Each structure stands twice: as C-alpha cells, then as structure tokens.
Amino acid sequence: MAKPIQVLFVSSEVEPFAKTGGLADVSAALVLTIYNLGLEVRIMLPRYGSIKNTPSRLHDMIRLQGMEVPVGDKIYKANVKSSFMFGTFTKVQVYLLDNAELFGRPGLYINPDTKRPYPDNDVRFIFFCRGVLEMLKKMGWQPDIIHCNDWHTGLLPAYLKTLYKNDKFYKKTKSVFTIHNMAYQGEFPRSTFAKTLLPPETEPLIMHHDKVNFLKAGLMYADVLTAVSEKYAEEIQTTEDYGCGLQEVVKKRSRHLHGIINGIDVEKWNPATDELIPQKYDIKTLDEKVENKIALLQKMKLPYKPKTPLISIVSRLADQKGFDLIGEALDKMMKMDIQFVVLGTGEKKYHQLLEKAAKKYPTKMAVALRFDEVLAHWIEAGSDMFLMPSRYEPCGLNQLYSMKYGTIPIVRATGGLDETVEQVHASKGTGTGFKFGPYTSAAMLEAIRKAVDVFADQETWRKIQRNAMLKDYSWEVSAKKYIKLYQKLLHV
Ligand code: ADP
Ligand code: GLC
C-alpha cells in the first residue's frame, strides 16, 4: 500500500487550545476530517499563555528542548510541547511551539490590558514560522505538505523557497496557503525585514506600500493558494474593498488559487447531540426547540413571548461584521415586534453602541459582551433567526451552525454567506435564509421585515427550518477537495 500523504497543518488558532474566531474551528475540524480520510496529519500552533494545562486538553509533554531559532540578530530558545486533539474515533498529534518570553502571555495577538496588538508581533510570528521548519528537521519528520493559514504563517512558504531552498530535508515539501481573511495582513515597518533574515532579493516580494507584509509573503511564495469559499476567491481579485490592497497580487496568482468552502464540525454543532444546550432536538422534534428559546430568554433576562421572533448575533465586534448598519437601523428594528440578543467581543465603539442600545430597550434587547462558548451554543439553539450583515465574509461559520439548528440566517449576500444561504421564496416554501444585497441599513431592515413576515406563518416557517436543517455542510466534501489539491501538488 502506498504511504499516506503526510501533512503538517500550521495555524495560529486551533480549537480547543486557542480561539478568537472561525480559524480555530476550521483548523481543528478540517484536520480531524483529513485524518479520518486516511492522511497522516499533525497540527502546530504557538504555546500561548492562555492555553490551560488541564489533563483533558493538554498534556504539555516536552517533545523537543532548547531548540535554537534565529530572529534578527537574536537567537531564541524554543521547546516543542506535545498534545493531542480528539474526535470521536480520532486522535491527532498537536505540537505547540513554546517560548515563554514571546508567547507566554494572556492574549493571542492583542494585549487585553491595552487592547492594542503586541508591539513585537513581527518577532513572535517570525519565530513561529522559522520554529516550525527548525522543529521538523530536529524531529526528523518530513511532511509532504505544509499547510499554512493566514498572515501569521505567511513567511513560512517564503522561507521554504529561499533559506531552505537547498536544504535536502525540504526538497520535496510543498506549501499550501489558505486565505481566511484578507483584511488582516501582518503589516510591519521596513525595519522588520532585517528580522526575517530573508535574503535581500526577496524584499520587493514581501514589501507592500513600504511595509513588510506577511500575508503578501504567503500569497507570493506558496505553491498553492486557497480561499475559504469560491465566491471569496473571486471577490479578492476584484476591488480594494475585498482584496484590501492586495487584489493585484492575488490576481497574478489566480491560476494557483482555489476556493473551497468551509464545513462544520457536525459532532460539536448538532442540536440532536449537543451536550451544552438545555434541550436537544432534531428535525422530527423541532417543537422542542422552543425550550431552548425559553431558557435563553430567561438567562438574558428578557420576557418570553411565543409569537415574537428572537433574532441573535454571535460575532467578533469588528467593522467586517456590519455593526455600523445595526447602529443605524437599531431604532427602526426595535419598532418591529422582535427581540434581539447579541453575544460578542471586540472593538470598544461597538461595545459602547450595544451597551447603550440594551439599556434603551431593556425588554427587547440584551447583550453579553464577552467570549462565551456555551452561550454561543444556547443562542444557536434558542433563537429563531440569526443576523449576519457582514460588509464582507470570506466564509462565515455561524450561518452554517444556524441552519443546522433550524435558526434561520438573515445575511448580506457576500462571500461565503451568499454561497451557502439559499434565498427564501415563501410562496414555494423553498430556501434556507434571507439575503440582502446592498450594504445599507435599509436593505438589512427589509430582509429582517421579510423574515418576520414569514415567521408569522408558522407552517411555512417550519418548511424553511427543515430545508435549512437538511443542508449538508459537514467537512467531508471540502476536506476531499483539499486532499485532491495535495495529490495534484505531489503528482500522486
Ligand atoms: P470569524 O472567523 O470572522 O470571526 P466565523 O463565522 O467564521 O467568523 O467564526 C466565528 C466563530 O467564533 C464561531 O464559532 C462563533 O461561534 C465564535 N464566536 C465569535 N464570537 C464569539 C463570542 N463572543 N463567544 C463565543 N463564540 C464566539
Ligand atoms: C475568517 C473569516 C470567516 C471564516 C473564518 C474561517 O475569520 O472572517 O468568514 O469563516 O475565517 O475560515
């Protein structure tokens, strides 16, 4: 039998170790699926201070000690710790790159006290990328593919094609770079270039508008690029709004760019088996979903009104997610017969906006401005509708979770949201959600109004819920597409 393809997946976020958004969900679920499909895959992330060393999560065994990783004119010492990630029948090897000075901090990228990015994020992620390549050599494990994700890992493909180009160990190694979000680029001053230790001729390839740009490095040097939906793969080659200044770079690599839609972990996000929610249910017992609504409203201190739809949001509070539209539309929204729950954390201006709104409408709106995994599940299970008015959305996972829970998404037709949600036609009983096109509060309000109207006809609503719940967004189909790409790259 042929040797299985060996893959190292490198990501700055992996559930359940470290998460600020969907990257963590995707890293974990995709890798577990790839493993189940027969590949030898391992995963690597930094050993952040926030990772709890509990026995069930992290054994924290030292796998390598005292490894040396050069960054600029300094040599950093690194340890590699070993842990595992579990699926139902799966156990995947996890490596954590450890340097207490650089990563032994409470935040992943942002200092929670100052709310600003750590000033040495360039050093931290240069160290991470080089550390991964040094680790593999020390360990003697030679993956066929190194699969990188987002700007934090952007330098890694550049290293493979330059400093490690003539290294026999990496002679056959190919790199894949997945774009989860073009808006975060890892931009640093020109002086950062010296810290990368890349040869001088690479400078123009990783500089952009006079800044060192880690994302651009990944886009330029990886053997293959992917984006997390087909629609987003197209969008990022068009305008500044989507390509965030790198649209021409992406366009140049168009032939090597593939859109592959994210899936969801249906073991974790499934109302029939979800241990975190008050009342389990499935498509046949949909009537029991209401128990979750009652519990959620009680938790959020809102009155339960059987005929009033509950609309919710779980989101990073960032410009990407459309909170300016919500700010604009709020008073009009609150005139409708709806209730509104928001779980989120992020930019201060949106914390203030939401807190103020919840005070103004205490019986209609409640907010939880924190990161809360359990509440996220309660919201998916207990809400009638889920709002995602994103300015742009590479894929989006919450609309997929929502559909699985029979919670109907109301989304802006962009990126992965457009690709995964099918417009409702109430008279025909078809569709899985409500979409609006223009990025305006009027268009969003119109979509909410339509959803509220259809909700009043519970028979049709049930049909829409069933349509949504029957959609299959499990990882298997998309993971197979990644595997096909690996095979193509390796000519196997
Ligand atoms: P993004 O990666 O852009 O933030 P996604 O929709 O891909 O958007 O993924 C967001 C993930 O983060 C989902 O799993 C969502 O439930 C989770 N999430 C976001 N904010 C919170 C929060 N405040 N509490 C709990 N989970 C959250
Ligand atoms: C990014 C995107 C989101 C996507 C997630 C996982 O954070 O904003 O749309 O679902 O990555 O790929």
Side-chain angles (χ1 to χ4, degrees), residues 9 11-16 18-31 108-109 147-153 177-185 215 226-233 235-236 242 244 259-266 268-269 274 276-277 312-323 341-347 350-351 354 367-381 383 386-405 407 409 411-412 414-421 473 475 478-479 482:
F9 197 90
S11 176
S12 64
E13 299 188 22
V14 182
E15 261 276 281
K19 167 167 172 174
T20 68
L23 174 61
D25 304 37
V26 168
S27 300
L30 172 59
V31 164
L108 269 54
Y109 324 115
H147 189 150
C148 303
N149 295 274
D150 274 356
W151 73 264
H152 326 93
T153 59
F177 184 80
T178 295
I179 305 160
H180 297 260
N181 200 325
M182 289 289 293
Y184 300 90
Q185 302 190 350
L215 177 65
T226 73
V228 291
S229 65
E230 285 178 31
K231 186 91 195 274
Y232 193 59
E235 288 170 344
I236 56 180
Y242 288 108
C244 305
I260 302 180
I261 193 80
N262 287 334
I264 61 172
D265 183 338
V266 283
K268 247 187 107 193
W269 294 95
D274 190 336
L276 299 177
I277 59 175
S312 296
I313 293 183
V314 178
S315 178
R316 285 185 292 117
L317 303 182
D319 292 339
Q320 172 189 349
K321 301 295 181 177
F323 286 98
V341 163
V342 182
L343 166 63
T345 171
E347 285 181 41
Y350 297 128
H351 280 241
L354 292 166
V367 297
L369 303 179
R370 58 175 189 269
F371 198 91
D372 187 334
E373 183 81 29
V374 176
L375 188 55
H377 282 250
W378 277 49
I379 287 176
E380 289 296 3
S383 308
F386 196 97
L387 182 59
M388 295 178 81
S390 304
R391 189 180 281 275
Y392 70 92
E393 196 62 74
C395 178
L397 296 175
N398 280 108
Q399 82 281 13
L400 305 177
Y401 299 151
S402 297
M403 288 192 272
K404 190 88 196 150
Y405 283 72
T407 299
V411 303
R412 169 139 187 272
T414 181
L417 297 176
D418 197 18
E419 194 167 316
T420 55
V421 175
Y473 283 110
W475 257 110
S478 294
Y482 279 107

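Remember, it's 1-based here, ligands and their atoms both numbered in the order they're listed. We use all heavy atoms of the structure for the numbers below, so side chains are in, but hydrogens, waters and symmetry mates are not. Everything numeric here is computed off the predicted structure, so don't read it as measured data.
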Numbering the atoms of ligand 2 from 1, which are under 4.0 Å from a heavy atom of [X]?
X    : value
N181 : 8 (O)
Q320 : 8 (O)
V26  : 6 (C), 12 (O)

For [X], take its heavy atoms, then give the atoms of ligand 1 lying under 4.0 Å from any of them.
X    : answer
N398 : 6 (O), 10 (C), 13 (C), 15 (C), 16 (O)
G21  : 2 (O), 4 (O), 11 (C), 12 (O)
Y401 : 14 (O)
G344 : 23 (N)

**Request:** Under the side-chain hydrogen bond (donor to acceptor under 3.5 Å, both in side chains) rule, what do Y109 and S12 come out as? Steps first, then yes or no, please.
**Result:** CA-CA 10 Å; Y109 324 115; S12 64; 2.8 Å; yes
What residue and heavy atom of the protein are closest to [atom], and at what distance?
atom                    : result
atom 3 (C) of ligand 2  : E393 OE2, 3.4 Å
atom 12 (O) of ligand 2 : H180 ND1, 2.7 Å
atom 10 (C) of ligand 1 : G22 N, 3.5 Å
atom 24 (N) of ligand 1 : D372 N, 2.9 Å
atom 26 (N) of ligand 1 : F371 CZ, 3.5 Å

**Asked** Would C395 count as a contact of ligand 1 if the rule is a heavy atom under 4.0 Å away?
**Response** no
**Message:** Looking at ligand 1, would R370 count as a contact under a 4.0 Å heavy-atom criterion?
**Reply:**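 Right, R370 reaches ligand 1.
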**Asked** Purely on distance, is any nitrogen or oxygen of L23 under 3.5 Å from one on ligand 2?
**Response**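 By distance alone, the answer is no.
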**Message:** Taking 4.0 Å as the limit for heavy-atom contacts, which would you say applies to N262 with ligand 2: side chain only, backbone only, both, or neither?
**Reply:** side chain
Ligand 1 versus [X]: contacting region, heavy-atom distance under 4.0 Å:
X    : result
L397 : both
A24  : neither
K19  : side chain

**Parallel, tilted or perpendicular, as decided by the 30° and 60° cut-offs, for the rings of Y401 and W269** = parallel
**Message:** Would you call the rings of Y232 and Y392 parallel, tilted or perpendicular, taking 30° and 60° as the class edges?
**Reply:** parallel
Can you check whether [X] has an N/O within less than 3.5 Å of an N/O in ligand 1?
X    : result
D25  : yes
K321 : yes
R316 : yes

**Prompt:** Is it the case that T414 and Y242 place a side-chain donor and acceptor less than 3.5 Å from each other?
**Reply:** yes
**Prompt:** Donor-acceptor pair, S478 side chain versus N262 backbone, under 3.5 Å?
**Reply:**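 Judged by distance alone, no pair lies under 3.5 Å.
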**From G21, G22, G396 - option closest to atom 10 (O) of ligand 2 by heavy atom** = G396
